[in-house]
Protein chains: 2
Amino acid sequence: MAQAGTVDRILDTAEVLFAQKGFAETSLRAITSKAGVNLAAVNYHFGSKEALIQAVFERFLTPFSLALDAKLDEMEASGIPDTPENVLGIVFRLALGTHPEDPQRAAIFFRLSGQAYSQPQSHLREYLHQHYSAVFARLQRHLQQAVPDVPPMELFWRVQFSLGAVIFTLSGMQSLQSISKADFNMDASTADITKRLLPFLVGGIQAEVPDQPLHTGK
Amino acid sequence: MAQAGTVDRILDTAEVLFAQKGFAETSLRAITSKAGVNLAAVNYHFGSKEALIQAVFERFLTPFSLALDAKLDEMEASGIPDTPENVLGIVFRLALGTHPEDPQRAAIFFRLSGQAYSQPQSHLREYLHQHYSAVFARLQRHLQQAVPDVPPMELFWRVQFSLGAVIFTLSGMQSLQSISKADFNMDASTADITKRLLPFLVGGIQAEVPDQPLHTGK
DNA sequence: CTATCAGCCAAACGTATGTTTGAAACGTAT
DNA sequence: ATACGTTTCAAACATACGTTTGGCTGATAG
């Protein structure tokens, strides 16, 4: 078994640098030198840079999706009603609270997700879809219960819109904060923005569907 | 003056490849060979790769922001009321209609914007902010008129959320479409998604602000 | 004590990148 | 036709990257 120190130091450093500068812009040399390990360690322990990236995501998403599954179990068992507020609240509290020891970790989580989604080459995207689409579908089913009047197709897109709002905002927070600071002289933490996000998303998800038929291609 | 052919062929090819694969992942050799021009042409006409990227954005955003400014003038002159639907409608119609000769161009526009925003190194972001923050602020002022009950700070974030929903969804449309096709057996064009986006964003922007004070530090 | 083997290390390898160079080709005004 | 400034071109340059190599280290088992 790999000695704990090296592998974890690589993962810790890589996730920070990937979140800060992106995958292509972060070299293995930057990671290893900052982590204080030898350059060859990455290929020795992970096999390749791409495998490193996947490992970083796996360490993030596996605990998250397990916890989300458990919370949804809990919700179903205790009869808490499916409202948009409840379903989205679970997700947000989990995203913010999965690593209570390090509040900045949540920001890294979102920035990494943003990087993954804007990555045009789809290797990583397919990997994520394969490993985590089940929990995602379950989430969407609960939301559908919450807003039965919204057609499933419409809801699918609204979930995508919500994902976009969340990931985009929280992954770009650093720069947005400087803008908001300049214009409003005020800070904003990840938790703050999340609180603002909730009513926005709820309002969007349960908005009335216009009854004029959408032009859906003949 | 530069010969029109070479410069435009480079810009045409670069914007497509940047949108498809990202900035770092697109080499000058890929651009120049696909464009049928010499490798050195990029550095000769633009100076550097980074300048090329900025030139691509300028060609996109300058006409867009000019047209948006004109439309807002028009709106103010003709006394059309500031409602979220009207303001957002103007933006969307413009984004979709600025290049009527090529409907795919709108998709490229959104993909490029997504690339720009997810780019963690802030050179491009600062450039965009410097050149286009004025129109952006004007847009936000109109929205503020539309929803006077939403505090300015709250509205600022809701605009960011909206931007995220738009850019994220439309820039990732290609892959999202394959998902939605698999789950719902249905296509979706940029125009379709835009139609779905509008009620979602309006619902989010004019959602009631929770009166419990936000935990803002302390 | 010695053999073993996973982990570590410095060094090198091959490749791809952005950029620069100097000469050729071109168009245009004299 | 000639001279001149601009544009194009093949080639080379320097650098950075991901990956591989072969030997070294140190703990563990026989």
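Chain letters run A, B, ... following the sequence lines, proteins first and then strands; every chain starts at 1. Note that the structure is predicted; figures quoted are calculated from it, not measured.
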Margin query: Measuring to OP1 and OP2 of D:dT8, would you say a side-chain N or O of B:Thr6 lies under 4.0 angstrom away?
Written below: yes

Check: Counting only side-chain N and O atoms of A:His45, is one of them less than 4.0 Å from OP1 or OP2 of C:dC8?
Finding: yes

Check: What is the distance, rounded to the nearest whole Å, between atom CD1 of B:Ile31 and atom P of C:dA16?
Finding: 17 Å

Notebook entry, point to check: For the pair made of CD1 in B:Ile10 and P in D:dT7, what is the distance, rounded to whole Å?
Noted result: 12 Å

Next item on the list: Just jot down the ring pair (Phe, Tyr, Trp, His ring centres under 6.0 Å) partners of B:Phe109, sequence neighbours excluded, or say none.
Entry: B:Phe60, B:Phe64

Next item on the list: List for me each residue that meets side-chain hydrogen bond (donor to acceptor under 3.5 Å, both in side chains) alongside B:Tyr44, sequence neighbours excluded, and say none if there are none.
Entry: none

Item checked: Residues forming a salt bridge (Lys or Arg N to Asp or Glu O under 4.0 Å) with A:Arg138, sequence neighbours excluded -> A:Asp69, A:Asp73, A:Glu76

Just to verify, what does [X] make a side-chain contact (heavy atoms from CB on, under 4.5 Å) with, not counting sequence neighbours?
X        : answer
A:Pro151 : A:Glu154, A:Val209
B:Ser33  : none
B:Glu85  : B:Thr83, B:Val202
A:Thr26  : A:Leu17, A:Phe18, A:Lys21, A:Ile31

Check: What residue pairs, at least two apart or across chains, pass side chain to side chain donor-acceptor pair (under 3.5 Å) with a residue in residues 55-64 of chain A?
Finding: A:Asp12-A:Arg59, A:Glu15-A:Arg59, A:Glu58-A:Tyr127, A:Thr62-A:Tyr132

Notebook entry, point to check: So which pairs with a foot in residues 32-48 of chain A pass salt bridge (Lys or Arg N to Asp or Glu O under 4.0 Å), sequence neighbours left out?
Noted result: none

Note to self: Only Watson-Crick and G-U wobble pairs with both distances less than 3.5 Å should count. Give DNA chain C in dot-bracket notation, marking inter-strand partners with |.
What the structure shows: ||||||||||||||||||||||||||||||

Margin query: Generate the contact string for nucleotides 9-24 of chain D. Rules: B means base contact, S means sugar-phosphate contact only, - means no protein heavy atom under 4.0 Å.
Written below: BB-B----BBBBB---

Atom pairs under 3.5 Å, N or O on each side, protein against nucleotides 24-28 of chain C: can you list them with distances?
none

Checklist line | Nearest heavy-atom neighbours spanning B:Leu96 and B:Ala191 | finding: CD1-CA, 4.1 Å

